Protein chains: 2
Amino acid sequence: MVNRAQKTESIALWMVEDDALFRDGVRTLINRTPGFFCEHTFTNCEDALKLLETEDAPRILLMDLGLPGMSGIEGMRRVKELSPATDVLVLTIYDDDERVFEAICAGASGYLLKNSSGEEIVSALSQIIQGGAPMNAQVARRVLDLFSRMAGPKGKYDLTPREKEVLGLLVGGLSKRQIADKLIVSFYTIDTHLKNIYEKLHVHTRSGVVAKALKERLI
Amino acid sequence: MVNRAQKTESIALWMVEDDALFRDGVRTLINRTPGFFCEHTFTNCEDALKLLETEDAPRILLMDLGLPGMSGIEGMRRVKELSPATDVLVLTIYDDDERVFEAICAGASGYLLKNSSGEEIVSALSQIIQGGAPMNAQVARRVLDLFSRMAGPKGKYDLTPREKEVLGLLVGGLSKRQIADKLIVSFYTIDTHLKNIYEKLHVHTRSGVVAKALKERLI
DNA sequence: TAAAGAATACCGTGAACGCGGTATTGTCCG
DNA sequence: CGGACAATACCGCGTTCACGGTATTCTTTA
């Protein structure tokens, strides 16, 4: 059990983890660490969410991903909805692109693998409190790769400044007429610009332009 | 100087860094570390790129960002073009969104701040060799935030499965006729679906739909 | 100075779109 | 059982688009 002094001065953690062995190991580790205490543990997200309705949210939530019932990702999403200030530290065996991506999008503040040492886990908690995002280096590499792939190849099509301007308005949803009015030029001028843009981007429709511009961040 | 044994067995690093004090400090640190040696140092990207034309690329490149002449980001881009296998470790004082974002998109394999300890730098080199991406925890948090912001708010418009299907084809650039043919339904059916999609997304044009779908990742 | 590129402007035609209607069928849920 | 919703289908009208031309003016660059 946890004494009163710890409760008032220490940082509260909750943990969702279905593996009893791992759960108890981490709880013991945390409760031996000054400044932190493990307030509740759960074997599934549903129970944690239920308690969140009546109790104050913890500062940090340790979250497994492979869980019975609601997935850790979905659980994280709901927790962050109810308590955006809670930092969720993912602690899992999975490090595939899909899971890492989803976890980050769901608002994870860190991502450790279960092969992490006790030291690493404790250090991760401090880093989270300091506004950092502790990540397994392999996971971090995945994140960077995903990121740069997502940011894409930023195609180079040698659009002129004016063409980029027109492109921007096009993506904004304006018609040729509206673009012409906004730039105070003739309708026909915009028509010509569009023809040139289409040719440069190798597309034949407005939607094609918009898709390409957004996918390749041309604007 | 570096002896032959080190040269053949150790991992070669190059460094671009205009601050002489910091440069020499890190070089000494690396050359004292078994398994690594600092083969060349440069005060600007141009010199490094020139040498890259005639010499083998290093396994790791330590790159400053605030440099005279070509920026570290641009330099990194060019290095990665010439030698994609080279891992670039950014070592800088800047940790703003813009710079972090650009560095990742340019293909950085790690991002440390200059207040890192010697230990951290050396450990980062090992992590890079092991396929990890060493990152300052603050920077990592920035990356996660950027990432999840970029992934966006994933708007909820209650599109039906069929509507999502049509939306996908629409974004792919197909006309109503083509979508109808592909889904083996009447042109009019697609016309109706489109009307409903327009209403749900509050847009009035194909381009508007494409823009919204891509920006909010509806597909 | 000549060539190249950027920005501007005009026209006509056939195709595609946006949107106002209306209507039938099937399924799921209260 | 009956309403809600999804998916299907049809029609017409006015607007907008895509694209084929051609052409002038002004920089920039070779």
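These numbers were taken from a predicted model, which means no experiment stands behind them. The analysis underlying the following values was restricted to heavy atoms, covering all of them including side chains, and did not include hydrogens, waters or symmetry mates.
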Residue pair B:Tyr157 / B:Glu163, side-chain donor-acceptor N/O under 3.5 Å
no
How close or far is atom C1' of C:dT8 from atom CD of A:Glu165, stated in whole angstroms?
14 Å
Below 4.0 Å: OP1/OP2 of C:dA7 and any side-chain N or O of A:Thr160
yes
Between A:Lys195 (NZ) and D:dG21 (C1'), how many Å, whole number?
7 Å
So, B:Glu74 and B:Arg77, do they make that salt bridge, N to O below 4.0 Å?
yes
Nucleotide nearest A:Lys176 (side chain, heavy atoms from C-beta), chosen from D:dA18, C:dC17, D:dT8
D:dA18
Length of the line joining A:Asp191:CG and C:dA7:C1', which is rounded to integer Å:
14 Å
Length of the CD1-C1' vector between B:Ile197 and C:dG18, whole Å
14 Å
Side chain of A:Val185: nearest nucleotide among C:dA9, D:dA18, C:dC19?
C:dA9
Rounded to whole Å, please give me the gap between CG in A:Leu194 and P in D:dT16.
14 Å
Shortest non-hydrogen contact from A:Val210 toward A:Leu170
CG2-O, 4.3 Å
A:His193 vs C:dA7: side-chain N/O to OP1/OP2 distance below 4.0 Å:
no
Is there a side-chain polar atom (N or O) of A:Arg162 under 4.0 Å from OP1 or OP2 of C:dT8?
yes
Compare side-chain N and O positions of B:Ser186 against OP1 and OP2 of D:dC10 and report whether any pair is under 4.0 Å apart.
yes
Taking donor-acceptor contacts at under 3.5 Å, does the side chain of B:Ser175 reach the base of C:dA16?
no
Presence of salt bridge, A:Arg78 and A:Glu81, under 4.0 angstrom
no
For B:Pro161 and for A:Thr205, find the nucleotide of DNA chain D with the closest heavy atom, then tell me which residue's nucleotide is more 5'.
B:Pro161
5' precedence on DNA chain D between B:Ile184 and B:Asp158 (nearest-nucleotide basis):
B:Asp158
Separation of C:dC17 C1' from B:Phe187 CZ (nearest whole Å)
8 Å
Atom pair distance, as rounded to whole Å: CD in A:Gln178 and P in D:dC17:
8 Å
Using a strict threshold of under 4.0 Å (side-chain N to carboxylate O), is an ion pair present between A:Asp145 and A:Arg141?
no
Distance check: side-chain N/O of A:Thr189 vs OP1/OP2 of C:dC10, anything under 4.0 Å?
no
Within the structure, does a side-chain N or O atom of A:Tyr198 lie under 4.0 Å from either OP1 or OP2 of D:dA18?
yes
Distance in angstrom units between A:Tyr188 OH and D:dA23 C1', rounded
15 Å
